[in-house]
2 protein chains.
Amino acid sequence: MTVARERLLDAAVEAFAEHGFTATTTRDIASRAGMSPAAVYVHHATKEELLFTLSLNGHHAALNVIEQAGTDAPDAVAEVRQLVYAFSLWHAQNSRVGRIVQYEFRSLTSEHRAQIASIRRQIEAHMQDALKRGVAQGVLDVPNIADTARALLSLSIDLVRWFDPHGSQPPDQIAALHADLAARMTAARRHPDRF
Amino acid sequence: MTVARERLLDAAVEAFAEHGFTATTTRDIASRAGMSPAAVYVHHATKEELLFTLSLNGHHAALNVIEQAGTDAPDAVAEVRQLVYAFSLWHAQNSRVGRIVQYEFRSLTSEHRAQIASIRRQIEAHMQDALKRGVAQGVLDVPNIADTARALLSLSIDLVRWFDPHGSQPPDQIAALHADLAARMTAARRHPDRF
DNA sequence: GTCTATACGTGGATAGAC
DNA sequence: GTCTATCCACGTATAGAC
């Protein structure tokens, strides 16, 4: 509720994305938020708890994006396309948070890691379910559901490693390309013959 | 040549892969190599120089792998398949080094970063060239060469984020899947590869 | 080349005034 | 809730003996 608490979270996103969690000092975070080093601890118990808050928010947002996408798709091919489009778009539009979410996982305490891991499993399960539906419908050809789901998510996630938010490439363009590639990777070459 | 120097490099791979560069202490590296903290500095000037050596070796190895692959491919579809197979196989078999290579880039000095970046451009160019040849031959359908090349590399690179070297999944199995997906992503419709 | 000992800076977190 | 001042642990790197 306090404005200061959110200013500190924003400052932490900047700092963690720029230098990484371990290399970021609480003094740097405080300074970016225009506060003294001590003020950090009024609003957040530890530096790790700050990271956990960001990571939890980020994972919830990503899960929400993938759960909302594809609900009005006419068939499973369109659904896969929409899931990958939405997931890639989110990672391109939130590449700083995405980098923290993906790369600072091991800096969390084991309890916090376990909580985050559960959200990750929900994201993977959602993609797997879409593939399974498509295979059952006969419109997708996916020999290996689990690994292919992971490969589709990899495309989006790896965005945060190289995507430049200040660059000229529009997020929706790369999302559209990924959606096309996803459709080609999974679509059956033709619909099964009907007797 | 000295054995100690290589023992320290091996120890650094372990430590950096496990905790990340910043969170790794020189004491930890020395301890894993069975030496005193001071001994590190007999063989390596700084901790960053240790990272640079590992990163340079790793990038050279990855570049070499992709340059050797696909040389005897009968056509561009097979070449793309072989490039992705080899690149994914290497990342699965060297996931610890791969993690350092991919995630500790920003911990390098700007001079060292520039050297590494040049090798990365060569890797990207190699994949792009294969796609261009295939399009020219008419066996590949790739509307966006640069972004598609990056997507193909993403599949392999993102392996290091989740691949478990102690898990049960064989490296060649995930490499084969990635090769299949790469072929489906890029092959022209009228020249289907096996899938 | 390896050790023990240590200098020296830095960083997470706290104390206590306002 | 914010500040200044500070504690204290830790980490990189070096000194100097063997």
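Within every chain, numbering begins at 1; the chains are lettered A, B, ... in the order of the sequence lines, protein sequences first and strands thereafter.
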[N] [atom2] sits how many Å from [X] [atom1], rounded?
X       : N      : atom1 : atom2 : value
A:His43 : D:dT2  : NE2   : C1'   : 8 Å
B:Leu50 : D:dA13 : CG    : P     : 10 Å
A:Phe16 : C:dG11 : CZ    : C1'   : 13 Å
A:Ile29 : C:dT10 : CD1   : P     : 18 Å
A:Arg27 : C:dT10 : CZ    : P     : 10 Å
B:Lys47 : C:dT10 : NZ    : C1'   : 13 Å
B:His44 : D:dT12 : NE2   : C1'   : 15 Å
A:Asp28 : C:dG12 : CG    : C1'   : 14 Å

Do any side-chain nitrogens or oxygens of B:Thr26 fall under 4.0 Å of OP1 or OP2 in D:dT12?
yes
State whether A:Tyr41 places a side-chain N or O below 4.0 Å from either non-bridging phosphate oxygen (OP1 or OP2) of C:dA13.
yes
For the residue pair B:Ala179 and B:Val84, what are the closest heavy atoms and their distance?
N-CG1, 3.9 Å
Under 4.0 Å, counting only non-hydrogen atoms across every strand here, what does [X] touch: a base, just sugar-phosphate, or nothing?
X       : value
A:Thr22 : nothing
A:Ala38 : base
B:Ser36 : base

Using 30° and 60° as the class boundaries, would you call the ring planes of A:Tyr103 and B:Tyr103 parallel, tilted or perpendicular?
tilted
Under a 4.5 Å cut-off applied to non-hydrogen side-chain atoms, are B:Arg5 and B:His44 in contact?
yes
The reported gap from CG in A:Leu177 to CE in B:Met185 (rounded to nearest 0.5 angstrom) is 9.5 Å
Report the distance from atom NE2 of B:His166 to atom OG of B:Ser95, rounding to the nearest 0.5 Å.
8.0 Å
Taking the minimum atom-to-atom distance to the side chain of A:Thr25, which one of C:dC3, C:dG12, D:dG1 wins?
C:dG12
